Amino acid sequence: MAYLQLQGIEKYFGEHRAIKGVDLTIEQGEFIVFVGPSGCGKSTLLRLIAGLEHIDGGSLILDGNDITHLPSSKRDLAMVFQSYALYPHMSVYENMSFALKLAKVDKAVIREKVERAADILNLTPYLERTPKELSGGQRQRVAIGRSIVRSPKVFLFDEPLSNLDAALRGQTRVEIAKLHRELGATTIYVTHDQVEAMTLADRVVVLRDGQIEQVGTPLELYDNPANQFVAQFIGTPQMNVVPLDQLPPVITQQAPAQAVGGAIGLRPESVSVLAAGEAALKGKVELVEALGAETLIYVNTEGGAQIVARQNDRTPLHAGEAVSLNMATDEAHWFDSQGRVVASTIAA
Ligand code: ATP
């Protein structure tokens, strides 16, 4: 049975319908990531689950209980925010134990829980420090620890890493993944960073304009996006989506009938750059990004499209050079004029 169930969830801010009838089923122990562009409603949906906003329609069921209108404090959920919101005058130990102390939990039990959480989060040496004596990453771990000690039914994370620098983000991301493996706690995590989404999630929920566009495992979304929006939202650099009228017949002839008037989508690794004249699609190199392990080559085609190719080898090419492009149409996604996938060549 589903652990957390969202049924037709609605939210209005005045006249603005911010969440438009969201249905979602989450199993116990799953790590779910909400992604989507700014303003799509990720944080609002999380806040509705947390009980920090009033749900205007639909229902929310947790572990068999209807919690739609239950106050936040009674929902048995714990939320970790982008801003750590630690008490500055309290030590790490006091910050982590505060909620349990308020709940009048036995002191020895509190100690045991805090010490266990500190151990998992590598915070044991810092228990007597105050937040200002910690790095950003350590503070975020204290915020996570504060949630762990409460043993909530669901952990809710709202962009918890966005205040950290790139290196620390990567490191903390790995720690969160490890933590999830150890605790097996049901988790919902909001981010606009699709690398976080791809690396942490059991399933990713892609939102746009208050609605779910697609739900799937990271690789399902990468390999079989339902539409152009998901196709271009997941993956860096973005999938190349080129209108068929900008391409030579040798490619467009392969398009399925429903894609007429539509476009072809190819991941950068499905495009290869050849010498001028070797393939029918002609272009000029616009930019080369040599990243070490991989090279990204941006090419402007004669038809007016910009296409990026990813290769593992380095390249002697420079901006301005004439090239041709081979598109691996056996790896193509074909879109109709509405941006819906009509055919994907990659097996599910
Ligand atoms: P971001 O990635 O920028 O944080 P988001 O996907 O989390 O975006 P939300 O913060 O959930 O987006 O906002 C969804 C929509 O609801 C936006 O159009 C936003 O302007 C609107 N909104 C959010 N909170 C309120 C509020 N308290 N009052 C009015 N409108 C709001």
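When a ligand or atom number is given, it counts from 1 through the structure's own listing order. Because the structure is a prediction, the values reported are computed rather than measured. Residues: numbered from 1 along the sequence shown.
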So do Ile264 and Gln254 actually touch side chain to side chain, heavy atoms under 4.5 Å?
no
Could you say whether the N/O atoms of Ala18 and ligand 1 ever approach to under 3.5 Å?
no
I want to know if ligand 1 touches Ser38 in the polar sense, i.e. an N/O pair below 3.5 angstrom.
yes
Which Ile, Leu, Val, Met, Phe, Trp or Tyr residues join Leu296 in one cluster when any pair of side-chain heavy atoms under 4.5 Å counts as a link?
Leu287, Leu291, Tyr298, Val308
What do we get for Lys42 next to ligand 1 when only non-hydrogen atoms under 4.0 Å count, side chain, backbone, both or neither?
both
Return yes when at least one protein heavy atom is under 4.0 Å from atom 23 (C) of ligand 1, and no when none is.
yes
Distance-only side-chain donor-acceptor flag, Glu213 / Asn227, under 3.5 Å
yes
Any protein heavy atom at under 4.0 Å, with atom 1 (P) of ligand 1 as the reference point?
yes
Decide yes or no for Phe157 and Leu46: does some side-chain heavy atom of the first lie under 4.5 Å from some side-chain heavy atom of the second?
no
Any N/O pair Phe13/ligand 1 closer than 3.5 Å:
no
Answer yes or no: is there a donor N or O on one side and an acceptor on the other, between the side chain of Asp23 and the main chain of Gly8, under 3.5 Å?
yes
For a 4.5 angstrom cut-off between non-hydrogen side-chain atoms, does Asp313 reach Thr295?
no
Look at Arg47 together with Glu53 and state whether they make a salt bridge at an N to O cut-off of under 4.0 Å.
yes
Quick check: does Thr44 get an N/O under 3.5 Å from an N/O on ligand 1?
yes
Atom 17 (C) of ligand 1 - nearest protein heavy atom and its distance:
Gly39 O, 3.7 Å
Checking a contact table here: which protein heavy atom is nearest atom 4 (O) of ligand 1, and how many Å away?
Ser43 OG, 3.9 Å
Note: ligand 1 atoms sitting under 4.0 Å from heavy atoms of Pro37 are 6 (O)
Considering heavy atoms of the protein only, find what lies nearest to atom 18 (O) of ligand 1 and give residue, atom and distance to 0.1 Å.
His16 NE2, 3.4 Å
Residue-ligand contact Gly36/ligand 1, heavy atom below 4.0 Å
no
Proximal atoms of ligand 1 relative to Cys40 (non-hydrogen, under 4.0 Å):
6 (O), 12 (O)
Hydrogens and angles aside, do Glu175 and Thr172 bring a side-chain donor and acceptor to less than 3.5 Å of each other?
no
Indicate whether any N or O donor in one side chain lies under 3.5 Å from an N or O acceptor in the other, for Thr68 and Asp66.
yes
